Amino acid sequence: AQHDQTLFEERHLRYIHPLGKGNFGSVELCRYDPLGDNTGELVAVKKLQPNKQSTLEDFKKEVKTLSILHCDYIVKYRGVCYSTGRLSMSLVMEYLPNGSLIGYMENNRHNVTPRRMLLFASQICKGMEYLQTLRYVHRDLAARNILVASESLVKIADFGLTKVIPCDKEYYRVTQPGESPIFWYAPESINESRFSHKSDVWSFGVVLHELFCYCDTNSNPKRVRRMFSFKHPSISMQLANILKNNWRLPAPPNCQPKVFNENKFLGVIIDDKKSLTQNMFTINFH
Ligand SMILES: CC(C)(Nc1nc(-c2c[nH]c3ncc(Cl)cc23)ncc1F)C(=O)NCC(F)(F)F
């Protein structure tokens, strides 16, 4: 039978070091080295950490989701690795050495121009537009979940919270919201645990803010974010209230007027009536 490229044998998977903890699992850098001569390729391996929130079922859904996504702006699925005895499985993805957008923006602050930020934003938009055509809602769109493939390419990653919108509805209601990143949540997600393409558009607006703040957690967003970072009923109630009173994220420091003016990002309110790419293309890139 033709060799299955998506099946990784555990015995050839060499652990190198941890990459980080995502939704429902930890991701490690490994080298898949069947020849045993260190010429194998580097891969990011996500191991399921079964706990109260996450189950093998959820993990299998995440694997299934990533395996059918084929888009330049989404981290590539490489395959799965079943551990001996098939007690658990791991998700194997391409490894991008530049890491997440947060670290990249902090380390490359001086040579990332607003033009490059807009390029990154438009790529995230196209990745999200692709997800939307398949009726997927990411639910955790944030700069920490964007990977930098090169100085001119970023990719969306961490599909641990991604859900498919049922055909007869326009939104997905979450039953037991776990540790929620409420700073990135649209009002209806905070108040009713409702998620849709529109709530992804809202999160995209927060990612724009992160981008134009160079993902600098020390600027005002840090104070704002610290107010909302931990999930606490009164905190999410507070956030819901000030959003209801039309508070919005302040302009990023030294952000040009053409990008942010009158409390509107990029000259337009990120209009949740349109798809992400339409939003992006109503913004005239210079
Ligand atoms: C949970 C995990 C591991 N965290 C990190 N991944 C990588 C990291 C660096 N290179 C990578 N290549 C592939 C993948 Cl899946 C992750 C990385 N670098 C730093 C991280 F904290 C992650 O998935 N974060 C979302 C992402 F950064 F990927 F958008």
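FYI, the numbering just counts along the sequence from 1. No experiment lies behind these values; they were computed from the predicted model shown. When a ligand or atom number is given, it counts from 1 through the structure's own listing order.
Set against the non-hydrogen atoms of M93, the atoms of ligand 1 under 4.0 Å away are 15 (Cl). Each of the following atoms of ligand 1 lies closer than 4.0 Å to a heavy atom of S100: 27 (F). Close approach of ligand 1 to A157 is summarised as follows: ligand atoms under 4.0 Å from at least one heavy atom of the residue are 26 (C), 28 (F), 29 (F). Those atoms of ligand 1 that come under 4.0 Å of a heavy atom in K21, given as number and element, are 1 (C). Interface atoms of ligand 1 facing A44, defined by a heavy-atom separation under 4.0 Å, are 13 (C), 14 (C), 15 (Cl).
Hydrophobic clustering keeps F8 apart from L91 (ILVMFWY residues linked when any side-chain heavy atoms are closer than 4.5 Å, directly or through intermediates).
A 6.0 Å sphere centred on CD of E151 holds no more than 12 heavy atoms belonging to other residues, nucleotides or ligands. Counting heavy-atom neighbours within 6.0 Å of N38 CG, excluding the residue itself, gives a total above 12. Around atom NE2 of H17, more than 12 heavy atoms belonging to other residues, nucleotides or ligands sit under 6.0 Å away. Crowding of K76 atom NZ: a count of heavy atoms from other residues, nucleotides or ligands under 6.0 Å exceeding 12.
Among protein heavy atoms, atom 4 (N) of ligand 1 sits closest to G20 CA, 3.8 Å. Atom 5 (C) of ligand 1 has L19 O, 3.6 Å as its closest protein atom, hydrogens excluded (heavy atom only). Of all protein heavy atoms, the one closest to atom 12 (N) of ligand 1 is L96 N, 3.0 Å. Among protein heavy atoms, atom 8 (C) of ligand 1 sits closest to L147 CD2, 3.7 Å. When only non-hydrogen protein atoms are considered, atom 9 (C) of ligand 1 lies nearest to G99 CA, 3.4 Å. In terms of protein heavy-atom proximity, atom 24 (N) of ligand 1 is nearest to R144 O, 4.0 Å. Atom 29 (F) of ligand 1 has as its closest protein heavy atom N145 C, 3.1 Å.
Not one N or O of V27 is nearer than 3.5 Å to an N or O of ligand 1, by distance alone.
Residue contact annotation: E94 has a non-hydrogen atom under 4.0 Å from ligand 1. Residue-ligand proximity: K155 is placed with every non-hydrogen atom at 4.0 Å or more from ligand 1.
Ring to ring, F195 and Y185 are close: their centroids are under 6.0 angstrom apart.
Atom 20 (C) of ligand 1 lies below 4.0 Å from at least one non-hydrogen atom of the protein.
Using a cutoff of 4.0 Å between basic side-chain nitrogens and carboxylate oxygens, K46 and E62 are scored as salt-bridged.
Looking at L29 against ligand 1, nothing comes within 4.0 Å, counting heavy atoms.
I190 and A240 make their closest contact through CG2-CB, 4.1 Å (heavy atoms, listed as atom of the first residue, atom of the second, distance). For L153 against F120, the heavy-atom pair with the smallest separation is N-CE2, 3.9 Å.
Residues meeting the side chain to side chain contact (heavy atoms under 4.5 Å, CB included) test with D168, sequence neighbours left out: P166.
Rounded to the nearest 0.5 angstrom, C30 SG and L13 CG are separated by 4.5 Å.
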